[in-house]
Amino acid sequence: MENQSVAQKLEALVKLQSIDSNLDELKKLRGDLPDEVQDLEDEIEGYKTRLTRHEAELKEIEENNKKHKEGIKEAEKLIKKYTEQQKNVRNNREFDAITKEIELQELEIQICEKRIKEGKESIVQKKEEIEKTNTLIKERGEHLDNKKKELNDILAESQEEEKRLLSEREKASKKIEDKLLKYYERLRGSLSNGLAVVRVVRGAAEGCNIVIPPQKIAEIREKKKIVIDEHSGRILADVDMDSLDEGDKPKTAKTATPAPSRRKKVE
């Protein structure tokens, strides 16, 4: 590669650009499908996380209701116990103290019943949310399956072509010096259309349509150095002569045609 002429370097760059442009076209065939598939997968994962949270909350509510029911049973046992004790009190002070304990346990039962009622309402709500989330997972899952099938069909059609192009790209890249290749790849990554190596068509650089001065066009045609478009950074590899205006084309020297000799008329 060290002994490559500028023309050979440009030829190698043009070849690589052509391969990359073909690869870009294959990616365009896929369109937004890869992103759509990824978005759907992320969305479904989010629903699954939500479902796990709802199920954990439902389990917690059910466990709390179970504890409240046990609390009611315990309070009822204590009420029964205190009621029996009231029969054997020795004075009003003991009777009042036991009565207060009974009232506290009755209040505890009321609180537990209220919490159980609230828990049942929450259980109904959580089950509805779980059902709704499961429905969303199923619907989005079916949509994802369709998108994946669509993407796989496109990939199957273009897989061999992409494999061939990638193999050609690897070979083409090896024919370009590292510094120039890095510049090309960095430039390609920064351009929306990926055109880093272009021709001058109708006096302007392809890909950005910036007019190139005639002097620079002459330098590009000579191929004695690599010419960079100062506005876009693109490598200007060639000039489409057929597209240039007559005034921009190099003039060809014309051979002068001798004027017809005039002979003197003989009287």
Side-chain angles (χ1 to χ4, degrees), residues 19-79 103-167 169-170 185-196:
I19 294 168
D20 281 337
S21 293
N22 286 333
L23 284 167
D24 290 343
E25 285 301 315
L26 286 180
K27 289 176 183 176
K28 281 182 186 177
L29 286 174
R30 300 169 195 166
D32 295 329
L33 276 174
D35 290 335
E36 287 177 21
V37 166
Q38 185 61 56
D39 289 344
L40 281 167
E41 287 176 340
D42 293 342
E43 185 181 352
I44 290 169
E45 195 59 39
Y47 287 141
K48 286 181 178 177
T49 302
R50 185 190 299 179
L51 180 64
T52 301
R53 186 176 70 249
H54 286 328
E55 288 174 339
E57 289 171 352
L58 175 62
K59 186 178 179 181
E60 185 180 355
I61 294 167
E62 288 174 337
E63 286 176 354
N64 286 337
N65 271 11
K66 186 178 178 182
K67 287 177 183 177
H68 295 321
K69 287 176 181 178
E70 288 171 356
I72 290 172
K73 287 180 181 179
E74 185 63 30
E76 286 173 342
K77 284 181 184 178
L78 288 171
I79 289 171
E103 288 174 351
L104 286 172
Q105 294 307 316
E106 287 174 343
L107 180 62
E108 180 66 22
I109 288 172
Q110 289 176 12
I111 292 170
C112 286
E113 286 175 342
K114 182 183 177 184
R115 288 176 179 169
I116 288 170
K117 183 182 177 183
E118 291 172 347
K120 285 180 178 178
E121 290 172 356
S122 296
I123 286 170
V124 171
Q125 186 181 354
K126 284 295 169 190
K127 284 183 176 179
E128 286 175 356
E129 289 172 349
I130 287 170
E131 186 179 354
K132 189 189 294 182
T133 306
N134 274 322
T135 301
L136 283 169
I137 290 171
K138 183 181 178 182
E139 287 175 354
R140 303 312 281 165
E142 289 172 355
H143 191 40
L144 174 61
D145 290 341
N146 290 334
K147 287 292 180 182
K148 277 185 174 180
K149 184 180 182 303
E150 193 177 342
L151 178 59
N152 288 335
D153 288 344
I154 292 172
L155 288 174
E157 291 175 6
S158 61
Q159 192 172 16
E160 287 302 316
E161 178 67 8
E162 185 174 11
K163 187 178 178 181
R164 182 185 67 78
L165 286 169
L166 287 171
S167 177
R169 190 186 194 283
E170 187 178 359
E185 291 183 336
R186 186 170 65 250
L187 180 61
R188 234 180 79 79
S190 68
L191 298 168
S192 59
N193 59 12
L195 292 176

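- Judged by distance alone, with hydrogens and angles left aside, the side-chain atoms of Ser167 form no donor-acceptor pair with the main-chain N or O of Lys163 at under 3.5 Å.
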**Prompt:** Passes side chain to side chain donor-acceptor pair (under 3.5 Å), Asn146 versus Glu142? Steps please.
**Reply:** CA-CA 6 Å; Asn146 290 334; Glu142 289 172 355; over 6 Å; no

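- Between Leu144 and Val37 the shortest heavy-atom distance is CD1-O, 3.7 Å.
- With sequence neighbours excluded, the residues that form a salt bridge (charged side-chain N to carboxylate O under 4.0 Å, His left out) with Arg30 are Glu162.
- Counted within 6.0 Å of CD on Gln159, heavy atoms from surrounding residues, nucleotides or ligands total 12 or fewer; the atom is thus considered open.
- Between Lys132 and Thr135 the shortest side-chain heavy-atom distance does not fall below 4.5 Å.
- Annotation for Leu136 and Tyr47: closest pair CD1-CE2, 3.8 Å, computed over non-hydrogen atoms.
- Distance check: Ile19 CD1 to Asp24 CG gives 12.0 Å after rounding to the nearest 0.5 Å.
- When all heavy atoms of Leu191 and Leu195 are compared, the closest pair comes out as CD1-O, 3.1 Å.
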- List the steps and the verdict of side-chain contact (heavy atoms from CB on, under 4.5 Å) for Glu55 and Leu58. CA-CA 5 Å; Glu55 288 174 339; Leu58 175 62; 5.5 Å; no

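- Residues Cys112 and Glu108 are in side-chain contact: their nearest non-hydrogen atoms beyond the backbone lie under 4.5 Å apart.
- A search for side-chain contact (heavy atoms from CB on, under 4.5 Å) contacts involving Asp153 returns Lys149, not counting sequence neighbours.
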Q: Show the numbers, then the answer: is there a side-chain contact (heavy atoms from CB on, under 4.5 Å) between Asp42 and Gln38?
A: CA-CA 6 Å; Asp42 293 342; Gln38 185 61 56; 3.0 Å; yes

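- Of all heavy-atom pairs spanning Ile109 and Ala75, the tightest one is CG1-CB, 3.5 Å.
- Between Asn64 and Glu60 there is a side-chain heavy-atom pair separated by less than 4.5 Å.
- The stretch residues 112-125 participates, sequence neighbours left out, in no side-chain hydrogen bond (donor to acceptor under 3.5 Å, both in side chains) pair at all.
- A salt bridge (charged side-chain N to carboxylate O under 4.0 Å, His left out) with Glu41 holds for exactly one of Lys147, Lys148, Arg140; it is Lys148.
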*Carefully, step by step, assess Lys48 and Glu45 under the rule salt bridge (charged side-chain N to carboxylate O under 4.0 Å, His left out).*
CA-CA 5 Å; Lys48 286 181 178 177; Glu45 195 59 39; 5.0 Å; no

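- A salt bridge is absent between Glu70 and Lys73; no separation between the charged side-chain nitrogens and carboxylate oxygens falls under 4.0 Å.
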